[in-house]
Student: 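The following block contains the structure, expressed as structure tokens.
Bear in mind that the values here come from a model prediction, so they are computed numbers and not experimental data. Proteins get letters first, then strands, A, B, ... in listed order; numbering begins at 1 in each.
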Number of protein chains: 2
Amino acid sequence: MATKHVKEMEALKEHLGKHQLKLTRQRELILSAFLRQEHITAEAMYHQLAKSDPHLGLATIYRTLNLFCDAGLAQARHFGSQTKYDNVSHKGHHDHLICTGCEKIVEFENEEIERLQEEVATRHGFTIKTHRLELYGLCTRCRD
Amino acid sequence: MATKHVKEMEALKEHLGKHQLKLTRQRELILSAFLRQEHITAEAMYHQLAKSDPHLGLATIYRTLNLFCDAGLAQARHFGSQTKYDNVSHKGHHDHLICTGCEKIVEFENEEIERLQEEVATRHGFTIKTHRLELYGLCTRCRD
DNA sequence: ATTGAAATTGATAAACTGTCTCAAAATTAT
DNA sequence: ATAATTTTGAGACAGTTTATCAATTTCAAT
């Protein structure tokens, strides 16, 4: 268990050291749980961890997930009214095909599109940190 | 004034008719003001309209902008803690480069990306009605 | 034009998400 | 172990959006 995610743990420790922050039981716990996810909200993580750690506060989850963002381990993304924290080590799969009929969501990735996005950004002097691509339409079943 | 935006007005009326909703003074007013914008928040629209119509309620703005989304005239976009409503009639300019430093928004269009989106959708059996592409990062100034 | 059923509005309460506060507890360097 | 500093948990708080509901407006049918 402690032997999984060693690389991310090291990255966190390095960030903590650089900013005179401390390594706590909660930060280890939340990192370990976070790395098992592809993307998750603070609220969802709160409920999930409540089973094993009923006294872990919601504020701590928020603080820690934001810390992970600073450390480059996570990326915040606004989806609906909530913020989802993406696990950066699971690259790709950020893009969605969404059926407006049955609300089904299909994840996809397209390298060519990603490349063109970089190109557009560079042309405008931007450095992309993250992106969102959502295609709305009808799936095969809902079209009939 | 009433001769501007006739097409959008018709689109709204069609949507209202289909859903047994009514055309009200407020809906006309808000549509007219909305179509002058490229994208705006409910709060900003509230303050803007307060000058000419001090008794227009904030809830009505929210309800109406969400109605425009249902009618396909607007598209909601969550940014930071607020929701921005994009004017869909500014066609071909749906895609945004957004600076997370200064919140500057650059609009762009890329035919090749659009083509690839269609391709991805077709491969999954989807028929695209609309889409959203947002690239988040830092602009030249904010990177320094 | 009047009527009446149904939808809409405005004002405000409430809900929701995320941050702030602060005393108590945990961590780290000495 | 001690002391200085950071972190935590619990709840208060703030900002944004939605729900409530009586009063008003719309619209179709007289």
Side-chain angles (χ1 to χ4, degrees), chain A residues 9 12-31 33-34 39-71 74-86, chain B residues 9 12-31 33-34 39-71 74-86 100 103:
Chain A
M9 192 62 212
L12 175 61
K13 281 183 184 169
E14 187 184 326
H15 178 85
L16 295 175
K18 274 187 189 162
H19 297 78
Q20 53 214 76
L21 303 174
K22 294 174 176 175
L23 180 62
T24 64
R25 190 180 61 79
Q26 289 88 340
R27 283 172 179 169
E28 285 189 280
L29 200 94
I30 295 172
L31 178 61
F34 175 68
H39 42 67
I40 192 167
T41 64
E43 191 75 30
M45 177 153 278
Y46 179 61
H47 285 115
Q48 184 177 306
L49 290 175
K51 295 168 195 162
S52 52
D53 232 273
H55 289 295
L56 223 172
L58 181 55
T60 299
I61 308 266
Y62 274 107
R63 282 187 291 233
T64 306
L65 287 173
N66 287 331
L67 169 69
F68 293 170
C69 288
D70 294 342
Q75 237 172 35
R77 198 159 46 89
H78 298 283
F79 193 83
S81 61
Q82 291 198 291
T83 301
K84 286 197 171 159
Y85 293 85
D86 292 345
Chain B
M9 192 63 212
L12 176 61
K13 281 182 184 167
E14 188 184 327
H15 178 84
L16 295 175
K18 273 185 188 163
H19 297 79
Q20 54 212 80
L21 304 173
K22 293 173 178 176
L23 180 62
T24 63
R25 188 180 62 79
Q26 289 88 338
R27 284 173 178 169
E28 285 189 280
L29 200 92
I30 295 172
L31 179 60
F34 175 68
H39 42 69
I40 192 167
T41 64
E43 191 75 28
M45 177 153 277
Y46 178 61
H47 285 115
Q48 184 177 309
L49 289 175
K51 296 168 195 163
S52 53
D53 232 272
H55 290 295
L56 223 171
L58 181 56
T60 300
I61 309 265
Y62 274 106
R63 282 187 291 235
T64 306
L65 287 173
N66 287 332
L67 169 69
F68 293 170
C69 289
D70 294 342
Q75 221 174 43
R77 193 160 44 86
H78 300 279
F79 188 80
S81 60
Q82 290 200 292
T83 301
K84 287 194 171 159
Y85 293 86
D86 292 346
T100 53
E103 307 216 341

Student: Starting at atom CD1 of A/I30, determine the distance to atom P of D/dT7, rounded to an integer number of angstrom.
Tutor: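 That distance rounds to 13 Å.
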Student: Quick one: CG on A/D86 to CG on A/L65, what's the gap to the nearest 0.5 Å?
Tutor: 11.0 Å
Student: Can you name the nearest heavy-atom pair linking B/R27 to B/K22, along with the distance?
Tutor: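 Closest heavy-atom pair between B/R27 and B/K22: NH1-O, 2.6 Å.
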Student: Are OP1 or OP2 of D/dT7 and a side-chain N or O of A/R27 less than 4.0 angstrom apart?
Tutor: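 Checking D/dT7 against A/R27, a side-chain N or O does come within under 4.0 Å of OP1 or OP2.
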Student: Are A/Y62 and C/dG18 close enough that a side-chain N or O sits under 4.0 Å from OP1 or OP2?
Tutor: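 Result: yes.
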Student: With a 4.5 Å limit on heavy-atom distance, are the side chains of B/T41 and B/Y46 in contact?
Tutor: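 No, their side chains stay 4.5 Å or more apart.
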Student: Write down the distance between NE2 (A/H19) and C1' (D/dT5), rounded to a whole number of angstrom.
Tutor: 17 Å
Student: Mind checking the CD1-CD spacing from A/I61 to A/E43? Nearest 0.5 Å is all I need.
Tutor: 9.5 Å
Student: Please state whether the base of C/dG18 and the side chain of A/R63 form at least one donor-acceptor pair under 3.5 Å?
Tutor: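 Side chain to base: no pair below 3.5 Å.
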Student: How is B/T83 classified with respect to the nucleic acid when contacts are heavy atoms under 4.0 Å: base, sugar-phosphate, or nothing?
Tutor: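 If one applies the 4.0 Å heavy-atom cut-off, B/T83 turns out to touch the sugar-phosphate alone, with no base involved.
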Student: Output the rounded distance in Å from CG (A/L56) to C1' (D/dT8).
Tutor: 9 Å
Student: Does D/dA10 have OP1 or OP2 under 4.0 Å away from a side-chain N or O of A/H55?
Tutor: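 For D/dA10, OP1 or OP2 has a side-chain N or O of A/H55 closer than 4.0 Å.
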Student: Does B/Q26 have a side-chain nitrogen or oxygen under 4.0 Å from the phosphate oxygens OP1 or OP2 of C/dG10?
Tutor: yes
Student: Identify, between B/P54 and B/L23, the residue whose nearest nucleotide on DNA chain C lies closer to the 5' end.
Tutor: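 The 5'-side residue here is B/L23.
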Student: Looking at B/T24, does any N or O in its side chain come under 4.0 Å of the phosphate oxygens OP1/OP2 on C/dA7?
Tutor: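 No, B/T24 has no side-chain N/O under 4.0 Å of OP1/OP2 on C/dA7.
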Student: Please give, in whole Å, the distance from D/dT8 P to A/L49 CG?
Tutor: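 One finds 13 Å between P of D/dT8 and CG of A/L49, rounded.
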Student: Rounded to the nearest angstrom, tell me the gap between atom NZ in A/K13 and atom C1' in C/dT27.
Tutor: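 Those two atoms, NZ and C1', are 14 Å apart.
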Student: Would you kindly check whether a donor in the side chain of B/K22 faces an acceptor in the base of C/dA6, or vice versa, at under 3.5 angstrom?
Tutor: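 Between C/dA6 and B/K22, which were checked side chain against base, a qualifying N/O pair under 3.5 Å is present.
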Student: How is B/E43 classified with respect to the nucleic acid when contacts are heavy atoms under 4.0 Å: base, sugar-phosphate, or nothing?
Tutor: nothing
Student: At their closest point, which heavy atom of B/L23 faces which heavy atom of B/K13, and how far apart are they?
Tutor: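 It is CD2-CE, 3.7 Å.
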Student: Return the value, rounded to whole Å, for the distance between atom CG of A/L58 and atom C1' of D/dA12.
Tutor: 14 Å
Student: Between P on C/dG18 and CD on B/Q82, what's the gap in Å once rounded to a whole number?
Tutor: 14 Å
Student: Does B/N66 have a side-chain nitrogen or oxygen under 4.0 Å from the phosphate oxygens OP1 or OP2 of D/dT18?
Tutor: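 Yes, such a contact exists.
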Student: Can you name the closest pair of heavy atoms from A/A76 and A/T83 and give their distance?
Tutor: CB-CG2, 3.9 Å
Student: Under 4.0 Å between a side-chain N or O of A/T60 and OP1 or OP2 of D/dT7?
Tutor: no
Student: Mind calculating the distance between CZ (A/F68) and P (D/dT7) to the nearest angstrom?
Tutor: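 It works out to 13 Å between those atoms.
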Student: Side chain of B/A59, heavy atoms from C-beta onward: which of D/dT17, D/dA19, D/dT6 has the nearest atom to it?
Tutor: D/dA19
